[in-house]
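Let me begin by presenting the structure, written as structure tokens, before commenting on it.
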Amino acid sequence: MNTQHDLLQKIIKKRKELGVSQQKLADMISLPQSTIARIEAEIVSPRLETIILIVNALGITIDIK
């Protein structure tokens, strides 16, 4: 199981459910929209700090086991 892939899929799903565009999310966390697009396309692996910013902005909680 690829947990990063699963997390990214949950992030994308939540972002879309909330009606938040990639640009809006990028603005919320002060990153370029192209960075969000590359993260969602799994072209780049986001740093932990970036993941934390994204999930906080979208109201997602993460359980670490």
Side-chain angles (χ1 to χ4, degrees):
M1 177 168 88
N2 184 340
T3 55
Q4 181 172 319
H5 173 78
D6 295 341
L7 177 59
L8 288 174
Q9 293 307 306
K10 289 178 184 179
I11 288 170
I12 294 166
K13 181 180 178 185
K14 182 68 169 184
R15 179 180 65 73
K16 290 180 178 181
E17 284 174 0
L18 294 172
V20 175
S21 67
Q22 287 182 346
Q23 183 63 59
K24 177 65 177 169
L25 177 57
D27 292 344
M28 292 166 70
I29 61 172
S30 300
L31 286 176
Q33 178 275 330
S34 60
T35 299
I36 301 298
R38 291 184 358 233
I39 290 169
E40 289 188 359
E42 299 184 51
I43 295 170
V44 297
S45 294
R47 297 180 326 190
L48 179 58
E49 295 84 1
T50 303
I51 292 173
I52 291 169
L53 288 172
I54 291 170
V55 299
N56 285 340
L58 297 175
I60 298 171
T61 58
I62 300 174
D63 289 330
I64 300 175
K65 297 177 183 181

Are K10 and I60 side-chain neighbours, meaning at least one heavy-atom pair lies under 4.5 Å? no
Just wondering, do V55 and T61 contact through their side chains at under 4.5 Å, heavy atoms? no
Group every Ile, Leu, Val, Met, Phe, Trp and Tyr by side-chain heavy-atom contacts under 4.5 Å, then state whether L18 and I29 land in the same group. yes
Calculate, to the nearest 0.5 Å, the distance between atoms CG and CD1 belonging to L7 and I12 respectively. 10.0 Å
Say you draw a straight line from CD1 of I11 to CD1 of I62; how long is it, rounded to the nearest 0.5 Å? 6.5 Å
Does a side-chain heavy-atom distance below 4.5 Å link L31 with I54? no
Inter-residue atom distance L25.CG - L53.CG, 0.5 Å rounding: 9.5 Å
Does a donor on one side chain sit under 3.5 Å from an acceptor on the other, for Q33 and Q22? yes
To the closest 0.5 Å, what do you measure between CG (L58) and NZ (K16)? 12.5 Å
Distance check, rounded to the nearest 0.5 Å: K14 atom NZ versus Q9 atom CD? 16.0 Å
With no hydrogens and no angle check, is any side-chain donor or acceptor of R38 less than 3.5 Å from a backbone partner on I43? no
Residues Q4 and P46: closest non-hydrogen pair is NE2-CD, 3.7 Å
Rounded distance (nearest 0.5 Å) linking atom OG of S34 with atom CD of Q23: 9.0 Å
